[in-house]
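Structure first, commentary second.
Residue numbering restarts at 1 for every chain, and letters A, B, ... go by the order of the sequence lines.
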Number of protein chains: 2
Amino acid sequence: MTPPLSPPRPSGHQRERLAFEEFLERRGLKLTRQREAVMKAVLEASGHFEAEEVVTLLRQGALRVSRATVYRTLDLMKECQLVEKLDLGTPHSYYEQVNLGEHHDHLICVTCGAVTEFHDLELETVQAEVCRRHGFSITHHSLRIFGQCQACLEKTG
Amino acid sequence: MTPPLSPPRPSGHQRERLAFEEFLERRGLKLTRQREAVMKAVLEASGHFEAEEVVTLLRQGALRVSRATVYRTLDLMKECQLVEKLDLGTPHSYYEQVNLGEHHDHLICVTCGAVTEFHDLELETVQAEVCRRHGFSITHHSLRIFGQCQACLEKTG
DNA sequence: AAAGAGATGAGATTGATTCTCATTAGAGTA
DNA sequence: TACTCTAATGAGAATCAATCTCATCTCTTT
Ligand SMILES: [Mn+2]
Ligand SMILES: [Mn+2]
Ligand SMILES: [Zn+2]
Ligand SMILES: [Zn+2]
(Lines give C-alpha, C1' and ligand atoms only; values in the text may rest on other atoms or scores of the structure.)
(Ligands and ions follow the chains in the order given, each with its own letter.)
Protein backbone atom coordinates (compact mmCIF):
# COMPACT_ATOMS: atom_id res chain seq x y z
CA MET A 1 0.00 0.00 0.00
CA THR A 2 1.07 3.56 -0.64
CA PRO A 3 2.03 5.62 2.39
CA PRO A 4 -0.54 8.42 2.75
CA LEU A 5 2.09 11.13 2.73
CA SER A 6 3.63 9.96 -0.55
CA PRO A 7 1.86 11.46 -3.49
CA PRO A 8 0.76 8.68 -5.82
CA ARG A 9 3.77 8.73 -8.14
CA PRO A 10 3.21 7.39 -11.64
CA SER A 11 4.73 3.95 -11.91
CA GLY A 12 6.95 2.49 -14.62
CA HIS A 13 8.33 5.37 -16.64
CA GLN A 14 5.23 7.49 -16.60
CA ARG A 15 7.14 10.60 -15.61
CA GLU A 16 9.65 10.14 -18.42
CA ARG A 17 6.94 9.32 -20.89
CA LEU A 18 5.09 12.48 -19.93
CA ALA A 19 8.26 14.54 -20.10
CA PHE A 20 8.85 13.37 -23.65
CA GLU A 21 5.29 14.06 -24.70
CA GLU A 22 5.48 17.57 -23.29
CA PHE A 23 8.84 18.07 -24.94
CA LEU A 24 7.40 17.14 -28.33
CA GLU A 25 4.38 19.34 -27.72
CA ARG A 26 6.58 22.29 -26.84
CA ARG A 27 8.50 21.80 -30.08
CA GLY A 28 5.42 21.38 -32.20
CA LEU A 29 6.32 17.75 -32.94
CA LYS A 30 3.97 14.81 -33.00
CA LEU A 31 4.10 11.63 -30.99
CA THR A 32 3.97 9.28 -33.95
CA ARG A 33 3.71 5.52 -33.68
CA GLN A 34 7.36 5.22 -34.64
CA ARG A 35 8.50 7.69 -32.00
CA GLU A 36 6.35 5.97 -29.45
CA ALA A 37 7.86 2.58 -30.31
CA VAL A 38 11.39 3.92 -29.94
CA MET A 39 10.54 5.70 -26.69
CA LYS A 40 9.00 2.54 -25.26
CA ALA A 41 11.99 0.40 -26.22
CA VAL A 42 14.45 2.90 -24.76
CA LEU A 43 12.54 3.45 -21.51
CA GLU A 44 12.38 -0.29 -20.97
CA ALA A 45 16.00 -0.85 -21.90
CA SER A 46 18.49 -1.49 -19.15
CA GLY A 47 22.13 -0.62 -19.25
CA HIS A 48 24.09 0.61 -22.22
CA PHE A 49 22.96 -0.15 -25.74
CA GLU A 50 23.81 0.73 -29.33
CA ALA A 51 21.46 2.44 -31.74
CA GLU A 52 21.60 -0.61 -33.95
CA GLU A 53 20.26 -2.77 -31.11
CA VAL A 54 17.15 -0.65 -30.98
CA VAL A 55 16.71 -1.06 -34.72
CA THR A 56 17.03 -4.83 -34.40
CA LEU A 57 14.69 -5.04 -31.42
CA LEU A 58 11.99 -3.04 -33.16
CA ARG A 59 12.19 -5.23 -36.25
CA GLN A 60 10.59 -7.96 -34.17
CA GLY A 61 7.50 -5.86 -33.50
CA ALA A 62 4.61 -5.27 -35.84
CA LEU A 63 5.59 -1.72 -36.73
CA ARG A 64 8.65 -1.22 -38.91
CA VAL A 65 10.92 1.61 -37.78
CA SER A 66 13.80 2.74 -39.93
CA ARG A 67 17.32 3.32 -38.79
CA ALA A 68 17.01 7.00 -39.59
CA THR A 69 14.01 7.38 -37.33
CA VAL A 70 15.73 5.52 -34.50
CA TYR A 71 18.70 7.88 -34.69
CA ARG A 72 16.42 10.90 -34.95
CA THR A 73 14.34 9.86 -31.96
CA LEU A 74 17.39 9.07 -29.85
CA ASP A 75 18.58 12.60 -30.58
CA LEU A 76 15.26 14.02 -29.47
CA MET A 77 15.32 12.02 -26.25
CA LYS A 78 18.85 13.23 -25.67
CA GLU A 79 17.74 16.84 -25.99
CA CYS A 80 14.94 16.02 -23.58
CA GLN A 81 17.59 14.62 -21.21
CA LEU A 82 15.96 11.21 -21.08
CA VAL A 83 18.89 9.63 -22.89
CA GLU A 84 22.63 10.07 -22.70
CA LYS A 85 25.10 9.30 -25.44
CA LEU A 86 28.26 7.58 -24.23
CA ASP A 87 31.71 7.23 -25.67
CA LEU A 88 33.17 4.16 -24.04
CA GLY A 89 36.28 4.16 -26.19
CA THR A 90 34.74 1.88 -28.79
CA PRO A 91 34.35 2.93 -32.42
CA HIS A 92 30.63 3.51 -32.08
CA SER A 93 28.44 5.24 -29.53
CA TYR A 94 26.38 3.75 -26.75
CA TYR A 95 23.19 5.20 -25.35
CA GLU A 96 21.52 4.80 -21.99
CA GLN A 97 18.22 5.73 -20.51
CA VAL A 98 18.45 8.21 -17.65
CA ASN A 99 15.65 8.82 -15.19
CA LEU A 100 14.58 12.42 -14.79
CA GLY A 101 17.00 14.33 -12.61
CA GLU A 102 19.39 11.43 -12.10
CA HIS A 103 23.03 11.21 -13.08
CA HIS A 104 25.99 8.88 -12.76
CA ASP A 105 29.52 8.40 -14.05
CA HIS A 106 31.40 5.32 -15.26
CA LEU A 107 34.26 3.03 -14.33
CA ILE A 108 35.40 1.25 -17.48
CA CYS A 109 37.50 -1.91 -17.26
CA VAL A 110 40.07 -1.93 -20.06
CA THR A 111 40.54 -5.68 -19.64
CA CYS A 112 37.03 -7.15 -19.73
CA GLY A 113 35.07 -4.11 -20.87
CA ALA A 114 32.79 -4.12 -17.82
CA VAL A 115 31.19 -0.76 -17.12
CA THR A 116 30.34 0.10 -13.52
CA GLU A 117 28.20 3.07 -12.63
CA PHE A 118 28.73 5.29 -9.62
CA HIS A 119 27.58 8.56 -8.21
CA ASP A 120 29.57 10.59 -5.75
CA LEU A 121 28.18 13.75 -4.26
CA GLU A 122 31.54 15.07 -3.12
CA LEU A 123 32.88 14.69 -6.64
CA GLU A 124 30.00 16.72 -8.01
CA THR A 125 30.56 19.37 -5.36
CA VAL A 126 34.25 19.74 -6.16
CA GLN A 127 33.44 19.95 -9.87
CA ALA A 128 30.95 22.72 -9.19
CA GLU A 129 33.61 24.56 -7.23
CA VAL A 130 36.08 24.29 -10.11
CA CYS A 131 33.45 25.74 -12.44
CA ARG A 132 32.70 28.56 -10.04
CA ARG A 133 36.38 29.50 -9.90
CA HIS A 134 36.51 29.68 -13.70
CA GLY A 135 33.25 31.60 -14.04
CA PHE A 136 32.01 28.65 -16.06
CA SER A 137 28.32 27.83 -16.18
CA ILE A 138 28.08 24.04 -16.32
CA THR A 139 25.31 22.29 -18.22
CA HIS A 140 26.56 18.72 -17.99
CA HIS A 141 29.71 16.68 -17.66
CA SER A 142 31.17 13.30 -18.46
CA LEU A 143 33.67 11.49 -16.27
CA ARG A 144 35.13 8.21 -17.44
CA ILE A 145 37.61 6.35 -15.28
CA PHE A 146 39.59 3.64 -17.07
CA GLY A 147 41.46 0.81 -15.39
CA GLN A 148 40.98 -2.74 -14.11
CA CYS A 149 37.88 -3.88 -12.31
CA GLN A 150 38.01 -5.90 -9.10
CA ALA A 151 37.20 -9.19 -10.85
CA CYS A 152 40.00 -8.77 -13.38
CA LEU A 153 42.45 -7.79 -10.66
CA GLU A 154 41.69 -10.94 -8.71
CA LYS A 155 42.15 -13.11 -11.77
CA THR A 156 45.49 -11.74 -12.99
CA GLY A 157 46.96 -10.40 -9.75
CA MET B 1 72.56 30.75 -14.98
CA THR B 2 71.46 27.44 -13.50
CA PRO B 3 71.10 27.32 -9.73
CA PRO B 4 73.74 24.93 -8.38
CA LEU B 5 71.25 22.84 -6.49
CA SER B 6 69.06 22.25 -9.53
CA PRO B 7 70.29 19.36 -11.57
CA PRO B 8 70.82 20.51 -15.14
CA ARG B 9 67.44 19.47 -16.52
CA PRO B 10 67.31 18.87 -20.26
CA SER B 11 65.64 21.81 -21.94
CA GLY B 12 62.93 21.84 -24.59
CA HIS B 13 61.34 18.45 -24.68
CA GLN B 14 64.49 16.43 -24.11
CA ARG B 15 62.86 14.29 -21.44
CA GLU B 16 59.88 13.47 -23.66
CA ARG B 17 62.13 12.84 -26.63
CA LEU B 18 64.20 10.47 -24.57
CA ALA B 19 61.13 8.74 -23.21
CA PHE B 20 59.90 8.07 -26.73
CA GLU B 21 63.29 6.78 -27.87
CA GLU B 22 63.44 4.41 -24.93
CA PHE B 23 59.88 3.32 -25.56
CA LEU B 24 60.68 2.43 -29.17
CA GLU B 25 63.86 0.66 -28.07
CA ARG B 26 61.92 -1.39 -25.52
CA ARG B 27 59.47 -2.41 -28.24
CA GLY B 28 62.13 -3.26 -30.75
CA LEU B 29 61.01 -0.38 -32.98
CA LYS B 30 63.21 2.04 -34.85
CA LEU B 31 63.31 5.82 -34.64
CA THR B 32 62.88 6.44 -38.33
CA ARG B 33 63.07 9.86 -39.97
CA GLN B 34 59.30 9.84 -40.36
CA ARG B 35 58.68 9.02 -36.71
CA GLU B 36 61.15 11.64 -35.68
CA ALA B 37 59.42 14.26 -37.83
CA VAL B 38 56.04 13.46 -36.29
CA MET B 39 57.48 13.44 -32.78
CA LYS B 40 59.13 16.80 -33.31
CA ALA B 41 55.95 18.34 -34.70
CA VAL B 42 53.86 16.99 -31.83
CA LEU B 43 56.28 17.99 -29.07
CA GLU B 44 56.40 21.51 -30.44
CA ALA B 45 52.68 21.73 -30.95
CA SER B 46 50.64 23.72 -28.49
CA GLY B 47 47.07 23.08 -27.59
CA HIS B 48 44.69 20.68 -29.23
CA PHE B 49 45.18 19.58 -32.80
CA GLU B 50 43.77 17.12 -35.31
CA ALA B 51 45.77 14.35 -36.95
CA GLU B 52 45.15 15.98 -40.29
CA GLU B 53 46.85 19.17 -39.11
CA VAL B 54 50.03 17.22 -38.46
CA VAL B 55 49.84 15.77 -41.95
CA THR B 56 49.44 19.23 -43.44
CA LEU B 57 52.20 20.75 -41.35
CA LEU B 58 54.66 18.03 -42.30
CA ARG B 59 53.88 18.48 -46.00
CA GLN B 60 55.72 21.80 -45.78
CA GLY B 61 58.94 20.14 -44.67
CA ALA B 62 61.44 18.35 -46.85
CA LEU B 63 60.45 14.85 -45.78
CA ARG B 64 57.10 13.52 -46.93
CA VAL B 65 55.14 11.69 -44.22
CA SER B 66 52.00 9.81 -45.08
CA ARG B 67 48.70 10.02 -43.24
CA ALA B 68 49.03 6.39 -42.20
CA THR B 69 52.37 7.01 -40.57
CA VAL B 70 51.07 10.07 -38.75
CA TYR B 71 48.21 8.05 -37.28
CA ARG B 72 50.52 5.17 -36.43
CA THR B 73 53.01 7.43 -34.69
CA LEU B 74 50.32 9.29 -32.76
CA ASP B 75 49.15 5.90 -31.49
CA LEU B 76 52.67 5.03 -30.38
CA MET B 77 53.08 8.34 -28.58
CA LYS B 78 49.74 7.74 -26.93
CA GLU B 79 50.90 4.37 -25.63
CA CYS B 80 54.03 6.12 -24.40
CA GLN B 81 51.75 8.62 -22.62
CA LEU B 82 53.27 11.57 -24.42
CA VAL B 83 50.04 12.23 -26.25
CA GLU B 84 46.40 12.12 -25.29
CA LYS B 85 43.49 11.58 -27.63
CA LEU B 86 40.51 13.81 -26.91
CA ASP B 87 36.86 13.58 -27.74
CA LEU B 88 35.58 17.13 -27.58
CA GLY B 89 32.16 16.22 -28.89
CA THR B 90 33.14 16.89 -32.49
CA PRO B 91 32.93 14.19 -35.16
CA HIS B 92 36.67 13.65 -35.20
CA SER B 93 39.36 13.27 -32.54
CA TYR B 94 41.79 15.80 -31.22
CA TYR B 95 45.22 15.12 -29.82
CA GLU B 96 47.41 17.01 -27.42
CA GLN B 97 50.94 16.75 -26.23
CA VAL B 98 51.28 15.99 -22.53
CA ASN B 99 54.46 16.51 -20.57
CA LEU B 100 55.72 13.51 -18.65
CA GLY B 101 53.77 13.03 -15.46
CA GLU B 102 51.41 15.94 -16.06
CA HIS B 103 47.65 15.83 -16.44
CA HIS B 104 44.69 18.14 -16.82
CA ASP B 105 40.99 18.09 -17.58
CA HIS B 106 38.81 20.28 -19.79
CA LEU B 107 36.04 22.85 -19.63
CA ILE B 108 34.34 22.94 -23.02
CA CYS B 109 32.16 25.89 -24.03
CA VAL B 110 29.18 24.67 -26.02
CA THR B 111 28.62 28.17 -27.40
CA CYS B 112 32.01 29.25 -28.76
CA GLY B 113 33.88 25.96 -28.60
CA ALA B 114 36.63 27.34 -26.36
CA VAL B 115 38.46 24.69 -24.38
CA THR B 116 39.93 25.63 -21.01
CA GLU B 117 42.30 23.38 -19.14
CA PHE B 118 42.35 22.90 -15.40
CA HIS B 119 43.87 20.68 -12.80
CA ASP B 120 42.38 20.19 -9.38
CA LEU B 121 44.14 18.10 -6.80
CA GLU B 122 41.06 17.64 -4.63
CA LEU B 123 39.16 16.32 -7.62
CA GLU B 124 41.86 13.75 -8.28
CA THR B 125 41.85 12.75 -4.64
CA VAL B 126 38.11 12.20 -4.53
CA GLN B 127 38.31 10.18 -7.74
CA ALA B 128 40.99 7.98 -6.23
CA GLU B 129 38.76 7.44 -3.22
CA VAL B 130 35.84 6.38 -5.43
CA CYS B 131 38.11 3.87 -7.15
CA ARG B 132 39.37 2.53 -3.85
CA ARG B 133 35.82 1.94 -2.67
CA HIS B 134 35.08 -0.05 -5.83
CA GLY B 135 38.30 -2.04 -5.72
CA PHE B 136 39.07 -0.49 -9.10
CA SER B 137 42.66 0.03 -10.22
CA ILE B 138 42.70 3.27 -12.21
CA THR B 139 45.05 3.77 -15.13
CA HIS B 140 43.70 7.05 -16.47
CA HIS B 141 40.57 9.12 -16.65
CA SER B 142 38.85 11.73 -18.74
CA LEU B 143 36.67 14.48 -17.31
CA ARG B 144 34.89 16.84 -19.66
CA ILE B 145 32.72 19.63 -18.30
CA PHE B 146 30.38 21.21 -20.82
CA GLY B 147 28.69 24.58 -20.45
CA GLN B 148 29.23 28.27 -21.14
CA CYS B 149 32.53 30.03 -20.65
CA GLN B 150 32.83 33.35 -18.87
CA ALA B 151 33.21 35.32 -22.10
CA CYS B 152 30.06 33.87 -23.60
CA LEU B 153 28.13 34.42 -20.40
CA GLU B 154 29.08 38.11 -20.36
CA LYS B 155 28.03 38.54 -23.98
CA THR B 156 24.62 36.93 -23.79
CA GLY B 157 23.76 37.44 -20.13
C1' DA C 1 75.84 -7.53 -52.47
C1' DA C 2 72.46 -10.46 -50.77
C1' DA C 3 69.12 -11.41 -47.24
C1' DG C 4 65.81 -10.43 -43.76
C1' DA C 5 62.82 -7.58 -40.89
C1' DG C 6 60.61 -3.70 -40.08
C1' DA C 7 58.62 0.64 -41.93
C1' DT C 8 56.36 3.34 -45.26
C1' DG C 9 52.81 5.25 -48.52
C1' DA C 10 49.14 5.45 -52.10
C1' DG C 11 45.07 4.28 -52.43
C1' DA C 12 41.21 1.16 -51.31
C1' DT C 13 38.12 0.04 -47.73
C1' DT C 14 35.37 0.39 -43.72
C1' DG C 15 31.36 1.45 -41.10
C1' DA C 16 28.73 4.27 -38.04
C1' DT C 17 26.12 8.11 -38.78
C1' DT C 18 23.95 11.53 -41.60
C1' DC C 19 21.59 13.10 -45.56
C1' DT C 20 18.28 13.14 -49.58
C1' DC C 21 14.04 13.33 -51.30
C1' DA C 22 10.02 10.74 -52.96
C1' DT C 23 6.26 8.90 -50.49
C1' DT C 24 3.11 8.45 -46.57
C1' DA C 25 0.42 9.56 -42.45
C1' DG C 26 -2.44 12.35 -39.98
C1' DA C 27 -4.74 16.56 -38.42
C1' DG C 28 -7.84 20.04 -39.80
C1' DT C 29 -11.54 21.69 -42.93
C1' DA C 30 -15.53 21.85 -45.67
C1' DT D 1 -16.02 11.44 -47.27
C1' DA D 2 -12.90 14.02 -49.92
C1' DC D 3 -9.36 17.47 -50.07
C1' DT D 4 -5.34 20.06 -48.39
C1' DC D 5 -1.29 20.94 -46.06
C1' DT D 6 2.63 19.87 -43.38
C1' DA D 7 5.34 17.03 -40.72
C1' DA D 8 7.36 12.49 -40.60
C1' DT D 9 9.17 8.48 -42.51
C1' DG D 10 12.24 5.18 -45.00
C1' DA D 11 15.37 3.22 -48.58
C1' DG D 12 19.31 3.87 -50.04
C1' DA D 13 23.11 7.11 -51.17
C1' DA D 14 26.64 9.85 -49.25
C1' DT D 15 30.03 11.16 -45.88
C1' DC D 16 34.52 11.00 -44.02
C1' DA D 17 37.70 10.08 -40.27
C1' DA D 18 40.20 6.24 -39.51
C1' DT D 19 42.06 1.83 -40.73
C1' DC D 20 43.83 -1.57 -43.74
C1' DT D 21 46.44 -3.63 -47.75
C1' DC D 22 50.35 -4.84 -49.81
C1' DA D 23 54.02 -3.57 -53.03
C1' DT D 24 58.06 -1.07 -52.22
C1' DC D 25 61.67 0.94 -49.56
C1' DT D 26 65.26 1.31 -45.81
C1' DC D 27 68.34 -0.49 -42.60
C1' DT D 28 71.23 -3.60 -40.44
C1' DT D 29 73.74 -7.67 -40.52
C1' DT D 30 76.27 -11.32 -42.85
MN1 LIG E 1 25.54 4.30 -17.32
MN1 LIG F 1 44.20 19.90 -22.98
ZN1 LIG G 1 37.34 -6.27 -15.82
ZN1 LIG H 1 32.38 30.34 -24.91
### Ring centroid separation B/His103 to B/His141 under 6.0 Å
yes

#### Entry: Sugar-phosphate, base or nothing in reach of B/Arg72, heavy atoms under 4.0 Å
base

### Message
Tell me the interatomic distance from B/Glu50, atom CD, to D/dA17, atom C1', rounded to whole angstroms.
### Response
10 Å

#### Entry: Atom-to-atom span, CG of B/Leu86 to C1' of D/dA18 - whole angstrom
17 Å

### Query
Rounded to the nearest Å, what distance is computed from the CG atom of residue B/Leu74 to the P atom of nucleotide D/dA17?
15 Å

### Message
So A/Asp105 and A/Ile145, do their side chains get closer than 4.5 Å, heavy atoms only?
### Response
no

### Query
Is the closest side-chain heavy-atom distance between B/Met39 and B/Arg17 below 4.5 Å?
yes

### Message
Less than 4.0 angstrom between a side-chain N/O of A/Ser66 and OP1 or OP2 of D/dT9, yes or no?
### Response
no

### Message
Distance check needed: D/dA17 C1' versus B/Tyr94 OH, whole Å only.
### Response
12 Å

### Task
Measure the distance from CZ on A/Arg35 to P on D/dG10 and round it to the nearest whole Å.
11 Å

#### Entry: Value in whole Å for how far the C1' atom of C/dT8 lies from CG of B/Leu29
14 Å

### Query
Between the base of D/dG12 and the side chain of A/Arg67, is there a donor-acceptor distance below 3.5 Å?
no

### Query
Given C/dG9, D/dA11, D/dA7, which nucleotide is nearest the side-chain atoms of A/Lys30?
D/dA7

### Query
Just wondering, do A/Phe20 and A/Thr73 contact through their side chains at under 4.5 Å, heavy atoms?
yes

### Query
Of the nucleotides D/dG10, C/dG9, D/dA8, which has the atom closest to the B/Gln34 side chain?
C/dG9

### Task
May I ask you to verify whether the side chain of B/Arg27 and the base of C/dG6 hold a donor-acceptor pair under 3.5 Å?
no

### Task
Would you tell me whether A/Glu117 and A/His48 have side-chain atoms, one donor and one acceptor, within less than 3.5 Å of each other?
yes

### Task
Measure from the side-chain heavy atoms of A/Tyr71 and tell me the nearest of C/dG9, D/dA11, C/dT17.
C/dT17

## Note on the structure
Regarding the side chain of A/Thr32, the nearest nucleotide among C/dT18, D/dA8, C/dG9 is D/dA8

### Summary
Quick note, B/His92 side chain, CB onward, closest among C/dG26, D/dA8, D/dA17 is D/dA17

### Summary
Which of D/dG10, C/dT17, D/dT19 is nearest the side chain of A/Val65? It is D/dG10

### Query
Taking only N and O in the side chain of B/Ser93, is any of them less than 4.0 Å away from OP1 or OP2 of D/dA18?
yes

### Position toward the 5' end of DNA chain D (nearest nucleotide), B/Ala51 or A/Ala68
A/Ala68

### Query
Counting just side-chain N and O atoms, does A/Arg33 come under 4.0 Å of either OP1 or OP2 of C/dG26?
yes

### Distance below 4.0 Å between B/Arg64 side-chain N/O and C/dT8 OP1 or OP2
no

